[in-house]
Amino acid sequence: MTDIFQDLQWRGLIKDSTDPDELARTLADGTVTFYVGFDASGPSLHIGHLTQILTARRLQRAGLRPLILVGGATGLIGDPKDTGERTLNPPEVVAGWVKKLQSQLTPFVSFEGERAATAVDNLDWTGALSAIEFLRDIGKHFPVSQMLNREIVKTRLSGAGISFTEFSYQVLQANDFHELHRRYGCTVQFGGSDQWGNITAGVDFCRRRGAHVQAFTTPLVTRADGTKFGKTADGQSVWLDPDMTSPYAFYQFWFNSGDADVGRYLRYFSFRPREEIEELEKATAERPAARAAQRALAEELTTLVHGERETAQVTAASRALFGRGDLTELDPSTVDAALSEAGLLSVPELPSVATLFKESGLCASLSEARRAVAEGGAYVNNERVTDADAPPSPDLLLHNRFLVLRRGKRTIAGVALTT
RNA sequence: GGCGGGUUGCCCGAGUGGCCAAAGGGAGCGGACUGUAAAUCCGUCGGCUUCGCCUACACAGGUUCGAAUCCUGUACCCGCCA
């Protein structure tokens, strides 16, 4: 088995860590239990979480035992973010999210065998804590000077301010690490690099109580052009939940990775061996237009998250919709399937083009749809539209039923007549 | 608790009575160029029954022919003092 620490380093998955030599030795020891946490702060995980999810999968495959924590307690408090105070979510809502996230995480690690993962929820030990216990047994170990020194706290103090609730968040997360050490013998925590402050708080807390533990973080995934990673072509977050982000959109997201980014993404996310990844990086350098790396990345991740069947449908749809071929040459079942993947709008009769673009979700409002037409960025069956308020000609209907709507170069939706 | 400052469109940020749907920048969107890439240039960027109308400058009320701009109250934020 290849050295997992070296593998992670080669992939660029280690940003910060406690003593690297010691961490390397620890990870090489097959008896280690580690933990990674996800707060229940939304109804689904998104691809920003994928780095952590897949790193957990790698560690388990390397022989380590995962504790997958979903933060039912910390989700009720809110990790401070630099823009300002969060709105508290109702407990029953958070409880629902905990369930969802747990089931979403399940497929990525194995809950069987000797390295079986364990799902944990910090509400189990935090919920029962009394204020006295919290302040005497836990709070006493936290110097406020250190808490104030954390980057996020400083940012908030010099800007939007911070409530005691969010200020205390780090204490809860630190206590999680100690609790998992006590209950499961967990000695390693990792998380996203934005969690480094919270993670070191946990390491310190454990050490103050006599437990020697270690930690590392994975880097924030970025794009070479400096824009934010993790948004679809139309600006939506890319969720793992297929009802929130369709497998088609998910596939398209990865497929559209830039040349300057795709190599890094393969290293972060792909389970291909090093040689194959280097081969794909070379392919990108030599024949970028073929986009072999993008295709491989998109197919592998869509399969991992949504399964083989979905992936087959989605790749077929992408080929049909972006293919050179004349749309009229596609057979009805192909058109139907492809448009269903892209998002199909059913209408009893054809309204104006602007309405179609709005209803299909390609444009947020009628005004935006009219603007799109005026800008020359609206197409029906690959023909540029010039009149936003007229319905498309029935002659355009493919197989007397379908229309392919396109906004810009690559955002596509379908229309089907329901007759 | 006292005093002072602040709250503008997705974000930052101008604007102190009419010329303001609101400067400028960023993001986003579209076009050209391409490879469903990047960079660049150009355009666009509240809504609608779109040559016009409606809703908007924290919230509620008021002054005025007319308010993002003035007054009153409420909420929240920041700073100094206690």
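Here is how names work: the chains are called A, B, and so on, in the same order as the sequence lines, proteins then strands, and each is numbered from 1.
- Nucleotide B:A23 forms a pair with no other nucleotide shown, judged by Watson-Crick or G-U wobble geometry with both contacts under 3.5 Å.
- Look at NZ on A:K358: it is 6 Å from P on B:C48, rounded to the nearest Å.
- A ring-centre distance under 6.0 Å is found for A:F229 and A:F253.
- Within a 6.0 Å radius of CG in A:N400, other residues, nucleotides and ligands contribute 12 heavy atoms or fewer.
- Here the separation of B:G24 from B:G46, taken at their P atoms, is 13 Å to the nearest Å.
- Taking atom CZ on A:F250 and atom P on B:U36, their separation rounds to 22 Å, with Å as the unit.
- B:C71 and B:G4 have their P atoms separated by 14 Å, with the value rounded to a whole Å.
- The residue A:R370 sits close to a base: some heavy atom pair falls under 4.0 Å.
- Nucleotide B:U36 forms no Watson-Crick or G-U wobble pair with any nucleotide shown, as no partner meets the under 3.5 Å limit on both distances.
- Rounded to a whole angstrom, the distance from the P atom of B:G5 to that of B:C65 is 30 Å.
- Among B:U36, B:G35, B:G31, the nucleotide with an atom closest to any side-chain atom of A:Y379 is B:G31.
- A salt bridge is defined here as a Lys NZ or Arg NE, NH1 or NH2 lying under 4.0 Å from an Asp or Glu carboxylate O, and A:R264 with A:D261 meets this definition.
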inquiry  = Using the rule given for salt bridge (charged side-chain N to carboxylate O under 4.0 Å, His left out), can you reason through A:D7 versus A:R11, listing the C-alpha separation, both sets of side-chain angles and the distance that settles it, and then say yes or no?
reply    = CA-CA 6 Å; A:D7 183 57; A:R11 290 177 181 277; 3.1 Å; yes

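- Put simply, the side chain of A:M147 does not reach to within 4.5 Å of the side chain of A:V153, judged on heavy atoms.
- On the P atoms, B:A82 is 24 Å away from B:G6, given to the nearest whole Å.
- With hydrogens and angles ignored, a donor-acceptor pair closer than 3.5 Å exists between the side chain of A:Q252 and the base of B:U36.
- Pairing partner, B:C45: none, since no Watson-Crick or wobble contact has both distances short of 3.5 Å.
- Across all strands shown, B:G1 forms a Watson-Crick or G-U wobble pair with B:C81, both key distances being under 3.5 Å.
- Pair assignment for B:C51 gives none, since no Watson-Crick or G-U wobble pairing has each distance under 3.5 Å.
- A heavy-atom distance below 4.5 Å is found between the side chains of A:F108 and A:V305.
- The distance between atom CG of A:L366 and atom C1' of B:C54, rounded to the nearest whole Å, is 15 Å.
- When the C1' atom is compared between B:G9 and B:A14, the two are found 13 Å apart, to the nearest whole Å.
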Can you name the atoms? Protein N/O to nucleotides 42-46 of chain B N/O, anything below 3.5 Å, with the distance.
residue : atom : partner : partner atom : Å
B:G43   : N2   : A:E375  : OE2          : 3.0
B:U44   : O2'  : A:E375  : OE2          : 3.1

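- Residue-level contact check: A:R384 touches the backbone only, with heavy atoms under 4.0 Å from sugar-phosphate atoms and none from bases.
- In the set B:G31, B:C48, B:A38, B:G31 carries the atom at the smallest distance from any side-chain atom of A:K409.
- Classified by interplanar angle (parallel below 30°, tilted 30° to 60°, perpendicular above 60°), the ring pair A:F250/A:W254 is perpendicular.
- Residue pairs meeting the salt bridge (charged side-chain N to carboxylate O under 4.0 Å, His left out) criterion with at least one member in residues 89-106 of chain A, sequence neighbours excluded, do not occur.
- Judged by closest nucleotide on RNA chain B, A:P288 is the one of A:D389 and A:P288 placed further toward the 5' end.
- Contact annotation for A:Y251: no contact, since no heavy-atom pair falls under 4.0 Å across all strands.
- With both pairing distances under 3.5 Å, B:G73 is matched to B:C59 as a Watson-Crick or G-U wobble pair.
- Rounded to an integer number of Å, the gap from CD1 of A:I412 to P of B:C29 is 16 Å.
- For A:R223, the side-chain atoms get nearest to B:A38 when compared with the rest of B:G35, B:A37, B:A38.
- Straight-line distance between the C1' atoms of B:A58 and B:A75: roughly 8 Å, to the nearest whole Å.
- Nearest-nucleotide positions on RNA chain B place A:R291 closer to the 5' end than the other of A:E368 and A:R291.
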